[in-house]
Amino acid sequence: MDILQAIILAIIEGITEYLPVSSTGHMIIASSFFGIAQEEFTKLFTIVIQLGTIMSVVVLYFKRFFQSLDFYYKLLVAFLPAVVFGLLLSDVIDSLLENPLTVAISLVLGGLILLKVDDWFGDAENTEISYRTAFRIGLFQCLAMIPGVSRSGASIVGGMTQKLSRTAAAEFSFFLALPTMLGATLKKSYDYYNAGFTLTSEQVNYLIIGNVVGFLVALVAIKTFIGYLSKHGFKMFGYYRIVVGLAILIIHFFIRPLTVI
């Protein structure tokens, strides 16, 4: 990985993390085209720079984090399914991360769902999240362990199935990203250290730059997304996912086989 690749990956992370288009899928495809996805540092980099995008949520919704302990209890309830399934399916998840075709298929199928989700659930006015709703959203989030599904997309749709408004579902998805992404970062960092890998000073600089770039880009992406979503819904994101997914399939089968990452 070089500095330009680090910046591009951080920009992709910042744009896609909170949009229902799958940040993991985009990072896998981008790093595959760069030819660096097999590198252990790249796998660590794509997880650790999520810390920057986490901080963007803290900055934008600062006051919400001081409302009540109930807020944190609900996040914990929603986070627990990811802990359980993440530990149980760790090896399966890692193997899926090595297949760009999984990303492509997930993008297309998820896109088809986003084309219809507004028709299925409309834009309800409910903004109250119960513990049962939080837990069910957490179950939906686990679908994003399949690369290309989109953590934000799965959890937002999960919230809408519980009759939450699009905005309320999206904002809870943002908040749920904090424990989910922090947990993933800590686990990946531990695995990296436990496997005997060490970071060079250059790699540390890449991680710092990646987090700063991801943070700044995510600030803009979140505010833009919420404004667009409240007015227009999910159809544009559905079309985008389908186009990208089909493009990956065409490239793989007719232009350049995407073998491994």
>> Whether the side chain of Ser152 engages the backbone of Leu19 through a donor-acceptor N/O pair (distance < 3.5 Å, no angle test) should be reported.
In response: yes
> For the ring pair Tyr228 and Phe237, is the centre-to-centre distance below 6.0 Å?
Replying inline: yes
>> Would you compute the distance between atom CZ of Phe140 and atom CD1 of Ile156 and round it to the nearest 0.5 angstrom?
In response: 13.0 Å
> Regarding Lys74 and the six-membered ring of Tyr131, is the cationic atom NZ or CZ under 6.0 Å from the ring centre and inside 45° of its axis?
Replying inline: yes
> Between the main-chain N or O of Pro147 and the side-chain N or O of Ser106, is there a donor-acceptor pair closer than 3.5 Å?
Replying inline: yes
> Any donor-acceptor pair under 3.5 Å linking the side chain of Gln5 with the backbone of Asp2?
Replying inline: yes
> Pick one: which of Lys235, His232, Arg166 meets side chain to side chain donor-acceptor pair (under 3.5 Å) with Asp118?
Replying inline: Arg166
> Taking the six-membered ring where the residue is Trp, are the ring centres of Phe225 and Tyr18 under 6.0 Å apart?
Replying inline: no
> When rounded to the nearest 0.5 angstrom, what is the spacing between CG in Asn194 and NZ in Lys187?
Replying inline: 10.0 Å
> How about Phe41 and Phe197: are their ring centres within less than 6.0 Å of each other?
Replying inline: no
> Between Asp191 and Lys188, is a salt bridge (Lys or Arg N to Asp or Glu O under 4.0 Å) present by the stated rule, with each step listed?
Replying inline: CA-CA 5 Å; Asp191 292 344; Lys188 189 65 178 179; 5.8 Å; no
> Please walk me through it: do Ser130 and Thr133 pass side chain to side chain donor-acceptor pair (under 3.5 Å)?
Replying inline: CA-CA 5 Å; Ser130 66; Thr133 295; 3.1 Å; yes
>> Could you tell me if Ser155 and Gln141 have a donor-acceptor pair between their side chains, going purely by distance under 3.5 Å?
In response: no
>> Please check: side-chain N/O of Thr161 versus main-chain N/O of Gly158, any donor-acceptor pairing under 3.5 Å?
In response: yes
>> Suppose we call two aromatic rings close when their centres sit under 6.0 Å apart. Are Phe66 and Phe71 close by that rule?
In response: no
>> Nearest 0.5 Å, please: how far is CG in Leu114 from CG in Leu107?
In response: 10.5 Å
> Are more than 12 heavy atoms from other residues, nucleotides or ligands located less than 6.0 Å from atom OH of Tyr73?
Replying inline: no
>> What verdict does the side-chain contact (heavy atoms from CB on, under 4.5 Å) test give for Ser173 and Arg151, after you've listed the backbone C-alpha separation in whole Å, the side-chain angles of each residue and the deciding distance to 0.1 Å?
In response: CA-CA 8 Å; Ser173 172; Arg151 187 207 61 80; 3.5 Å; yes
> Is there a donor-acceptor pair under 3.5 Å between the side chain of Glu17 and the backbone N or O of Gly14?
Replying inline: no
> Between Val108, Ile28, Val149, which is the residue that forms a side-chain contact (heavy atoms from CB on, under 4.5 Å) with Val103?
Replying inline: Ile28
>> Distance check, rounded to the nearest 0.5 Å: Ile242 atom CD1 versus Tyr239 atom OH?
In response: 7.5 Å
> Does any N or O in the side chain of Ser56 come within less than 3.5 Å of the main-chain N or O of Phe215, such that one atom is a donor and the other an acceptor?
Replying inline: no
> Does the side chain of Ser150 pick up a donor-acceptor pair with the side chain of Ser22 at under 3.5 Å?
Replying inline: no
